[in-house]
Participant: 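Take this structure, written in structure tokens, and hold onto it; I'll ask about it next.
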Protein chains: 2
Amino acid sequence: MMETTTKSKRVERKEEIRKKILDVAKDLFLKHGYESVSIRKIADKVGISPTTIYLYYQDKSDVIYALHQEGFKALAIQFAALKNVEDPFERLKAMGRNYIDFSLRNPDFYQLMFMIKDPIEFVERNCASEWEEGEEAFGAMLATVADCKEHGYFGKLDLHSIALHIWFVVHGICSLKLQGHLDHVVKSHIQEGKDAYALDDAFETLITIMKGIK
Amino acid sequence: MMETTTKSKRVERKEEIRKKILDVAKDLFLKHGYESVSIRKIADKVGISPTTIYLYYQDKSDVIYALHQEGFKALAIQFAALKNVEDPFERLKAMGRNYIDFSLRNPDFYQLMFMIKDPIEFVERNCASEWEEGEEAFGAMLATVADCKEHGYFGKLDLHSIALHIWFVVHGICSLKLQGHLDHVVKSHIQEGKDAYALDDAFETLITIMKGIK
DNA sequence: CAAATATAATTAACAGTGTTAATATTTTAA
DNA sequence: TTAAAATATTAACACTGTTAATTATATTTG
């Protein structure tokens, strides 16, 4: 017997390789985008055979889902930094800004997290509708909106309706920006010089409207 | 000389085949989704060799772009039916409803039009930033928002800011619904029974907020 | 320690994908 | 009818995810 630790060395090594595969996938993903993540390229970079990956992940979508989770962890860190903002409406504003900034700084992650079908389908198939990471993020927002309501914001509107609404706006901004649709429309229909400010304008408009709800 | 018509028979036949390719692509697309549209499958169904398609479309993304345009034409028809709604705010509401309904009835088209990178990249590369179809749709909305403003809606907010904002919300609703994110969040965080109404609730909230702007 | 067993990794192969170059066929013009 | 132009095809390249069968490597047992 050699299992003095909770994990035997074999299991340990297995987890190491599993992590290495994910790290290489993440590296490829961030450097060359979603489309460039292929089983064969990952295997090459790790130094193993393509089929070996299937001993550690059941699927390609399983690898993609693991990346998806990494993204949610990174977003959670962004949100966690806001716990000490006292004024609830300022905290809500900061959350929105952080969300948008995250999408701009990690466009590939954002697309994977909110704009691509594969990972969420993987959740539906394999995770029995738990999925802590996503619920946590939305929960944090719900709490802040509730806090705002207690301070007199948002009138008689329902808590969940407000929270969802803000998410819709912010996701709308991010997703249309990332796909180039926003720039396209702004370039065609709105005065010159506003190009770069479209995003800030959009956020300002949201804040103005939300603050004005009686 | 036989070119009594503006188009010679050769050009006519060429356009016929070009259209046939597009029709088959559309059929495959609507029946089996975006991922199932492959050059080889289209060629099989048309009854030509895969490489022949490259004599009519420069690329696969060219075919996809043609589908993308079909989608915008369909949406334009939905919007055109609203010209005779007199009250501007009611017209704006109807536009929003039509937009959402379109996304639900033609989820694949909607994804192609607003959630997938390929077609808009094709526009950027090949169309010298004109692209009438998209500008027309947004223009129709801009006009309606302007009309609303003249009737006292939306306070001092900028015309373009309001129009963009509404688009963000509505697109946020549609895209998160289509990817399954909305259902996922609603199922986890919101009371039972609201499942099916999440979309209507979202739209109602938008209307309430927009109407309340002073 | 050696043999038997369980685990891990590999090669070969299947069925796809977009796309290009070279070749063959058909249609048009002289 | 023959030369030229347009159209279509076959063969091939370099990829993709994935599975079955096989080999190599550890681990456990006799």
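Per chain, numbering begins at 1; letters A, B, ... match sequence-line order. Keep in mind that this is a model prediction, so the values were computed, not measured.
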Participant: Taking CD1 from A/I48 and P from C/dT11, how many angstroms apart are they, rounded to a whole number?
Facilitator: 12 Å
Participant: Taking the six-membered ring for Trp, are the ring centroids of A/F203 and A/Y99 within less than 6.0 Å of each other?
Facilitator: no
Participant: Roughly how many Å is it from CD in B/Q58 to P in C/dT20, rounded to a whole number?
Facilitator: 10 Å
Participant: In whole angstroms, how far is the P atom of C/dG16 from the CD atom of B/E35?
Facilitator: 17 Å
Participant: Measure centre to centre between the rings of A/F79 and A/F138, then say whether the value is under 6.0 Å.
Facilitator: no
Participant: Round to the nearest Å and state the distance from B/L28 atom CG to C/dG16 atom P.
Facilitator: 14 Å
Participant: Which nucleotide, D/dT27, D/dT10, D/dT18, lies nearest any side-chain atom of A/Y54?
Facilitator: D/dT18
Participant: Reckon B/T52 touches a base, only the sugar-phosphate, or nothing at all at heavy-atom distances under 4.0 Å?
Facilitator: base
Participant: State whether the distance check finds a donor on one side and an acceptor on the other, under 3.5 Å, for side chain B/S49 versus base D/dT10.
Facilitator: no
Participant: When we call it a touch if two heavy atoms are under 4.0 Å apart, what does A/I42 touch: a base, just sugar-phosphate, or nothing?
Facilitator: nothing
Participant: Nearest to the side chain of B/L55 - C/dT19, C/dA9, D/dA8?
Facilitator: D/dA8
Participant: Expressed in angstrom and rounded to an integer, what is the separation of B/Y34 atom OH from C/dT17 atom P?
Facilitator: 14 Å
Participant: Does the gap between the ring centers of A/F109 and A/F29 come in under 6.0 Å?
Facilitator: yes
Participant: Using whole Å, what does the distance between atom C1' of nucleotide C/dT11 and atom CD1 of A/I39 come to?
Facilitator: 17 Å
Participant: May I ask you to say what B/Y56 touches in the nucleic acid, namely base, sugar-phosphate or nothing, with a heavy-atom cut-off under 4.0 Å?
Facilitator: sugar-phosphate
Participant: Looking at B/F168 versus B/H165, is the centre-to-centre ring distance below 6.0 Å?
Facilitator: no
Participant: Taking atom types as modelled and ignoring hydrogens, do the side chains of A/Y54 and A/D62 form a donor-acceptor contact shorter than 3.5 angstrom?
Facilitator: no
Participant: From the list D/dT18, C/dA9, C/dT27, which nucleotide is the closest neighbour of the side chain of A/D59?
Facilitator: D/dT18
Participant: B/I53 has an atom CD1; how far is it from atom P of C/dT19, in whole Å?
Facilitator: 11 Å
Participant: Can you tell which of D/dA20, D/dA8, C/dG18 lies closest to the side chain of A/T51?
Facilitator: D/dA20
Participant: The side chain of B/R40 is closest to which nucleotide in this list: D/dT16, C/dT20, D/dA12?
Facilitator: D/dA12
Participant: May I have the distance from B/K60 (atom NZ) to C/dT20 (atom P), rounded to whole angstrom?
Facilitator: 14 Å
Participant: Closest-nucleotide mapping onto DNA chain C: is B/P50 or A/P50 further toward the 5' terminus? I mean the 5' end.
Facilitator: A/P50
